[in-house]
Amino acid sequence: MAAEDLPSEFDVVILGTGLAESVAAAAFSRVGQRVLHLDRRSYYAANWASFTFNALLTWIQQHQEEPQPEEVQDWSSLLEEGEELIYLSQSDSASIRNVQVFCYTSEEDEEEEEALNTTEEEPKPDSADPQAQTEPGPEEASHTEGDEPESLQLVPPAAQNQSEPSKKKISYAHLVREGRRFNIDLVSKLMYSRGSLVDLLIKSNVSRYAEFKNVTRILTFRNGRVEQVPCSRSDVFASRQLSVVEKRKLMRFLTSCAEETEEQRAYNGRPYMEFLSDQKLGDNLQHFLLHSIAMVTEATPTEEGLAATRHFLRCLGRYGNTPFLFPVYGLGEIPQCFCRMCAVFGGIYCLRHSVSCLLLDTHSNRCKAVIDSRGQRISCSHVVLEEGFVGADRKRTNTPPRFLSRAVLITDRSILPTDSEQQVSMVTVPPAAAGGPAVKMVELSPSTMTCSPGTYLVHLTCPSIGPAHQDLSPLVTSMFRTPESPDHEGPSVLWSLFFNMADGSGLEAEGHDLPENVYLSSGPDAELGHDHAIRQAESIFQKVLPEEEFCPPAPNPEDILYDGDTLGDTADGETGDTIGDITDKPPPPERRDGQNLKSE
Amino acid sequence: MQQELLFKVLVIGDLGVGKTSIIKRYVHQIFSQHYRATIGVDFALKVLQWDNDTVIRLQLWDIAGQERYGNMTRVYYREAVGALVVFDVTRASTFDAVLKWKDDLDSKVTLNHGRPVPAVLLANKSDQLGSQQPKLDSFCRENGFVGWFETSAKENANIEEAARCLVENILNNEESPVVEREPASLILSGFTNTNKDPLNCSSCMKQ
Ligand SMILES: Cc1cc2nc3c(=O)[nH]c(=O)nc-3n(C[C@H](O)[C@H](O)[C@H](O)COP(=O)(O)OP(=O)(O)OC[C@H]3O[C@@H](n4cnc5c(N)ncnc54)[C@H](O)[C@@H]3O)c2cc1C
Ligand SMILES: Nc1nc2c(ncn2[C@@H]2O[C@H](COP(=O)(O)OP(=O)(O)OP(=O)(O)O)[C@@H](O)[C@H]2O)c(=O)[nH]1
Ligand SMILES: [Mg+2]
């Protein structure tokens with residue numbers, strides 16, 4: 001565990017432990033490449049990370065501080081003839097902006113039920129400036145025990161009448177005390193049960209490192225109400241909100257969708273909305289089909305709408321009643337699963353370790369080594385970099401980066417409380433105004449091991465128009481009880497976080513001035529699924545090793561036969577540790593509980 | 001009816017102390033003098049007929065290249081119920097690292113009631129020790145190890161005993177419900193036709 005020097009020669013050096021980088025690391029290591037995987041942060045998974053409540057408070061604090069001026073160390077003394085340095089950017093603050101936190105619950109446990117607190121001031125859009133929010137309330141002193149952000153907006157509980165007597169309110173102190181039970185993801189995505197991530201997890205056997213929950217229901221928010229979207233056959237039949245006629249129409253539509261027809265082709269290029277309305281399905285069904293099943297906008301062309309609908313239907317029923325899965329302990333587990341696979345095949349990991357520069361061979365215009373922040377020269381044949389490492393000076397175009405708006409809410413009950421301790425809900429929220437962004441909302445219950453019993457974790461995501469709070473707080477107040485919506489019947493928001501995160505989907509379009517053996521990966525994109533990152537990892541892998549298989553199945557540990565597997569003492573030298581043949585026989589089920597799902 | 005229990009056990013300790021050798025000795029009854037860094041193996045499975053009613057499947061999780069630099073993924077620690085912390089009696093630095101490993105363990109995983117997972121200390125390569133090894137009883141008491149053993153993977157000394165000691169402690173914890181399993185987590189698996197009977201392991205999931 002000592003801070004010894006790293007080995008100085010690798011095939012591939014990978015910087016950043018986000019999903020794309022981690023998948024690439026696993027893929028390279030799996031086929032025998034020597035991989036060094038570094039992250040300058042102290043945690044795995046970069047902007048894909050999940051944090052305990054307390055770790056999230058630290059993260060918030062870090063992102064509200066002024067970015068430290070970059071300290072550029074001069075390593076030119078290490079250069080030999082025909083070599084040049086490319087300095088990497090050392091700060092990653094650019095990918096996260098406008099971090100704002102609101103605490104709406106009382107600070108300490110209360111004997112009596114407390115009324116909701118109210119915020120005294122409107123949130124300031126410019127909250128990246130720590131000064132803007134450092135208005136210590138009277139109670140602030142008692143809970144600033146080091147790791148909490150100063151800017152936490154805590155307000156003294158206001159003594160108000162509370163009409164509905166409910167269970168004991170959850171205090172801020174309770175959230176902190178139970179902090180380890182939270183695994184709060186920075187990104188909010190779901191896994192399509194036939195999407196590229198699930199396929200890859202199964203194919204590579206990385207799935208053995210994680211367990212999953214079904215998303216149990218699809219909800220939509222319409223006319224101020226939360227409704228369940230019937231999507232599977234059994235849902236449709238069980239649905240109480242659909243009339244018999246609607247049920248029949250919906251079933252017929254979903255069945256006819258499966259195959260492309262002449263009639264559908266005639267709508268190519270025209271909005272899906274138009275196609276739907278010509279099917280005479282009625283408002284209800286049209287809403288469900290457009291917003292909750294295809295999850296597209298009114299302007300989306302028919303062929304795309306239908307493709308999305310088919311994908312949804314294909315994924316349906318593989319593992320449950322909805323097309324989606326969610327990893328137990330949160331999405332932040334997924335990159336770590338791939339890192340573990342990389343490490344098992346010899347990849348070396350080091351966090352809190354950054355690379356200062358790439359070393360360029362001026363003749364071949366290839367990067368032949370990297371130099372870490374201690375000045376160690378580590379030679380390599382290929383480098384994979386997370387986008388954030390590349391300084392602005394290396395970007396060819398100057399398109400303004402796109403952002404996602406994110407909100408994370410801790411609430412006290414489900415937005416549709418039926419058997420809710422077990423529910424995992426995907427909620428689609430159509431744009432409030434035409435052309436506005438559709439908000440994707442995921443509500444996680446404690447069964448996902450991402451929040452403490454008695455609380456719910458709500459993730460909201462949309463493409464940014466402005467700061468996250470501006471984009472998302474109107475929806476929050478229309479769905480939840482907050483100090484701005486004190487009479488709302490919905491769940492109360494106990495604590496909330498808003499921030500903007502760079503949208504990684506823009507990467508391909510942009511060119512970078514980098515040596516040909518340096519490959520860029522990007523952070524999370526706005527899509528609900530994970531295809532973008534998986535595609536990126538696979539394409540990097542194929543550029544480097546076009547002949548090799550991408551993530552072949554890792555041997556099942558129970559099937560590994562050691563060479564020289566004889567009883568008694570052997571001193572068989574050479575073959576001691578190699579993995580022998582992997583038998584073809586199907587291995588026994590891996591673990592003890594739950595359903596052991598097969599791919600088909 | 002027989003109950004089957006499955007326990008995830010971590011085998012941790014500095015580079016080259018003999019973690020893999022111990023696992024291979026224990027599970028595969030082999031030993032090799034030749035040192036190779038461990039590659040490609042997640043865990044090894046040891047099946048114990050514990051008593052007439054109980055079969056225990058021990059998943060022994062070896063550590064891979066990454067851990068040398070002290071950055072374990074949560075995936076490695078997740079849901080472990082016990083650990084073997086190994087040092088090499090011929091190298092003092094590996095003993096010094098024992099507490100670092102123990103601290104890392106305790107900070108990353110606890111049993112549900114908040115208590116640390118039981119850990120047994122293994123003083124390995126005892127075949128190389130000429131003189132008497134100092135007793136580690138008080139060291140264990142002070143640092144929260146449930147026991148210690150002088151082991152040798154080479155001469156097959158005390159490994160079974162150490163594992164037995166750990167399992168006993170794990171079982172003690174099991175009596176007070178340890179793992180509050182969530183019902184119906186999905187495990188994705190690529191294997192299509194399993195002609196063996198599915199593992200019957202009811203006792204692990206309904207604690
Ligand atoms: C029975 C049981 C099983 C559990 N299983 C799991 C599980 O499988 N998966 C799981 O995730 N949790 C699980 N937990 C919760 C787990 O114990 C811890 O909450 C979690 O592992 C984090 O522990 P930590 O305090 O060591 O690290 P944290 O404080 O969460 O930090 C983790 C690492 O990231 C770094 N870090 C965190 N935040 C920041 C930040 N803002 N800035 C810089 N660095 C940061 C830390 O330095 C540290 O290295 C389980 C708990 C129990 C009781
Ligand atoms: N004499 C003796 N040698 C041992 C014993 N156990 C392991 N060794 C030797 O110590 C060396 C390292 O053993 P490994 O089992 O590979 O150690 P490890 O802890 O798995 O090493 P890493 O995986 O690299 O961290 C090998 O050469 C083994 O043969 C033992 O009990 N006695
Ligand atoms: Mg080993």
Side-chain angles (χ1 to χ4, degrees), chain A residues 1-2 44 198 201-203 205 207 209-214 319 325 328-329 333 336-337 339-340 343-351 447 449 553 555 557-558 560 562 564-574 576-577 579 586-600, chain B residues 4-6 14 20 24 28-45 57 59 63-76 78 93 97 100-101 104 110 154 156 181-196 198-199 201 204-205:
Chain A
M1 295 191 73
Y44 280 96
V198 169
L201 284 166
I202 290 175
K203 173 185 182 229
N205 276 346
S207 59
Y209 300 129
E211 290 177 26
F212 303 88
K213 290 280 179 192
N214 276 307
Y319 297 122
L325 294 174
V328 178
Y329 296 114
E333 293 289 294
Q336 295 191 54
C337 292
C339 291
R340 167 76 187 171
V344 163
F345 284 90
I348 291 193
Y349 277 79
C350 209
L351 301 184
S447 71
M449 309 294 265
E558 294 170 29
I560 292 172
Y562 291 89
D565 193 359
T566 48
L567 296 185
D569 288 6
T570 51
D572 57 338
E574 289 315 309
D577 253 330
I579 298 166
E590 279 166 22
R591 300 217 231 156
R592 63 249 170 257
D593 67 329
Q595 293 152 262
N596 196 336
L597 293 166
K598 306 290 173 263
S599 62
E600 230 45 63
Chain B
E4 269 197 23
L5 300 172
L6 186 132
D14 267 8
T20 306
K24 281 166 68 178
H28 305 278
Q29 292 85 39
I30 53 173
F31 177 76
S32 154
Q33 291 285 356
H34 197 80
Y35 171 74
R36 287 276 189 98
T38 305
I39 284 185
V41 187
D42 252 323
F43 56 82
L45 189 75
R57 295 163 67 89
Q59 256 186 11
I63 61 175
Q66 58 176 356
E67 293 78 10
R68 208 165 309 172
Y69 301 93
N71 295 304
M72 318 278 284
T73 54
R74 282 189 309 214
V75 174
Y76 177 76
R78 162 165 2 106
S93 67
K100 268 185 275 171
W101 284 105
D104 197 41
T110 54
K154 188 177 177 197
N156 195 12
R181 289 297 312 165
E182 288 302 319
S185 292
L186 309 177
I187 296 160
L188 309 181
S189 156
F191 304 106
T192 44
N193 57 340
T194 306
N195 37 26
K196 293 182 187 170
L199 253 184
C201 187
C204 308
M205 46 192 285

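Just so it is clear: chains get the letters A, B, ... in the order the sequence lines come, proteins before strands, and each one is counted from 1. Atom set for the values below is all heavy atoms of this structure, side chains included, hydrogens, waters and symmetry mates excluded.
- A heavy-atom distance below 4.5 Å is not found between the side chains of A/Y329 and B/R74.
- Of all heavy-atom pairs between A/C337 and B/V75, the closest is N-CG2, 3.7 Å.
- Put simply, CZ on B/R78 and CD on A/E211 are 7.0 Å apart, with the number rounded to the nearest 0.5 Å.
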